[in-house]
Amino acid sequence: QVQLVESGGGSVQAGGSLRLSCAASAYTYCMAWFRQAPGKEREGVARILTGSGNTAYFDSVKGRFTISRDNAKNTLYLQMDSLKPEDTAMYYCAANSRAGGGCSTWQYTYWGQGTQVTVSS
């Protein structure tokens with residue numbers, strides 16, 4: 001079992017920045033950020049592999065969001081710059097503890113409770 005705890009959400013004006021953090025209770029093979037806006041389906045935002053550091057991003061956040069992690073601390077980050085109102089959503093951290101669990105297909109086993117991000121125009 002892996003427990004994930006997110007922090008860092010809040011309210012910001014368009015064009016501003018926020019940094020989300022997600023602390024994992026144990027080793028994870030891969031981690032990702034998802035988001036879900038009211039009335040919309042959950043969507044993957046960015047993912048990262050622990051070993052290689054390889055990353056992937058949802059098209060709408062490329063060039064504005066940066067995913068990273070501190071392996072020593074088992075902590076995942078999402079730096080969000082140039083925020084837009086359409087980025088408003090609940091953001092969730094997710095993780096898999098082993099390979100073959102669906103990292104590249106956005107299928108994750110462990111989930112955090114979410115942190116709200118609100119961007120006003």
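Side-chain atoms are counted along with the backbone in the values below, which use heavy atoms only and exclude waters and symmetry mates. All residue numbers refer to positions in the sequence shown, counting from 1.
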- request: Give a yes or no on whether L4 and V45 share a hydrophobic cluster (residues Ile, Leu, Val, Met, Phe, Trp, Tyr; joining criterion: side-chain heavy atoms under 4.5 Å apart).
  value: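 Same hydrophobic cluster.
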field: Distance (rounded to the nearest 0.5 Å) between T55 OG1 and I48 CD1
entry: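 It is 6.5 Å, given to the nearest 0.5 Å.
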query: Checking Q113 side chain against V5 main chain: does a donor-acceptor pair fall under 3.5 Å?
result: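 The answer is no, because no donor-acceptor pair under 3.5 Å joins these two groups.
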message: More than 12 heavy atoms of other residues, nucleotides or ligands under 6.0 Å from CD of Q3: yes or no?
response: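 No, because the 6.0 Å sphere around CD of Q3 holds 12 heavy atoms or fewer from other groups.
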- request: For residues C93 and L76, report the shortest heavy-atom separation together with the two atoms involved.
  value: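 The pair with the smallest heavy-atom distance is SG-CD2, 3.9 Å.
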query: Can you check whether R35 reaches L78 side chain to side chain, under 4.5 Å on heavy atoms?
result: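 Heavy-atom side-chain distance check fails, nothing below 4.5 Å.
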field: Gap between atom CZ of R42 and atom CE of M90 - 0.5 Å precision
entry: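 Answer rounded to 0.5 Å: 12.5 Å.
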- prompt: Which atom pair, heavy atoms only, marks the closest approach of S7 to T115?
  reply: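 Closest approach of S7 to T115: C-OG1, 4.4 Å.
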query: Does L83 share a hydrophobic cluster with Y77, counting links as ILVMFWY side-chain heavy atoms below 4.5 Å and allowing steps through other members?
result: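 Unlinked, L83 and Y77 end up in two clusters.
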- prompt: Applying the ring pair (Phe, Tyr, Trp, His ring centres under 6.0 Å) test to W106, which of Y57, W33, F34 qualifies?
  reply: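 Per the ring pair (Phe, Tyr, Trp, His ring centres under 6.0 Å) rule, the option paired with W106 is F34, out of Y57, W33, F34.
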- prompt: Under the 3.5 angstrom rule, does the side chain of T88 hit a backbone N or O of V119 as a donor-acceptor pair?
  reply: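 Pair found, side chain donor or acceptor close to backbone of V119.
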- request: Kindly give the heavy-atom pair with the smallest separation between R47 and S104, and that separation in Å.
  value: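 It is NH1-O, 3.4 Å.
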- request: Examine Y110 and L20 and state if one hydrophobic cluster contains both, with Ile, Leu, Val, Met, Phe, Trp and Tyr joined whenever side-chain heavy atoms are less than 4.5 Å apart.
  value: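 Same cluster: Y110 reaches L20 through Ile, Leu, Val, Met, Phe, Trp or Tyr contacts under 4.5 Å.
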message: As an exercise, state the distance from OG of S60 to NZ of K84, rounded to the nearest 0.5 Å.
response: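 Between atom OG of S60 and atom NZ of K84 there are 7.5 Å.
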field: Side-chain (Y108) to main-chain (C103) donor-acceptor, under 3.5 angstrom
entry: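 Flag set: sc Y108 to bb C103 pair under 3.5 Å.
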- request: Taking all non-hydrogen atoms of both residues into account, name the closest pair between S121 and A14 and its distance.
  value: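 Heavy atoms of S121 and A14 come nearest at CA-CB, 4.3 Å.
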message: Restricting to non-hydrogen atoms, name the atom on S97 and the atom on V2 that form the minimum distance, rounded to 0.1 Å.
response: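 In terms of heavy atoms, the two residues are closest at CB-CG2, 4.4 Å.
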- request: Quick one: pull up OG in S120 and CD in Q13 and give me the separation to the nearest 0.5 Å.
  value: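 That separation rounds to 5.0 Å.
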query: In chain order, what residues pass the salt bridge (charged side-chain N to carboxylate O under 4.0 Å, His left out) check against R64, with sequence neighbours excluded?
result: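 By the salt bridge (charged side-chain N to carboxylate O under 4.0 Å, His left out) rule, R64 matches D87.
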message: Would you say L18 ends up clustered with Y92 if hydrophobic residues are merged whenever their side chains have heavy atoms under 4.5 Å apart, either directly or through other cluster members?
response: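 In one cluster: no.
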- prompt: Among pairs that include at least one residue of residues 19-31, which meet side chain to side chain donor-acceptor pair (under 3.5 Å), considering only residues two or more places apart or in two chains?
  reply: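 For residues 19-31, and leaving out neighbouring residues, the side chain to side chain donor-acceptor pair (under 3.5 Å) pairs sorted by first residue read T28-R69.
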task: Might you point out which heavy atoms bring C30 and L49 nearest each other, and give the distance in Å?
output: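 Heavy atoms of C30 and L49 come nearest at CB-CD2, 3.6 Å.
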query: F58, F65: one ILVMFWY side-chain cluster at the under-4.5 Å cut-off?
result: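 They do share one cluster, since a chain of ILVMFWY contacts under 4.5 Å joins F58 to F65.
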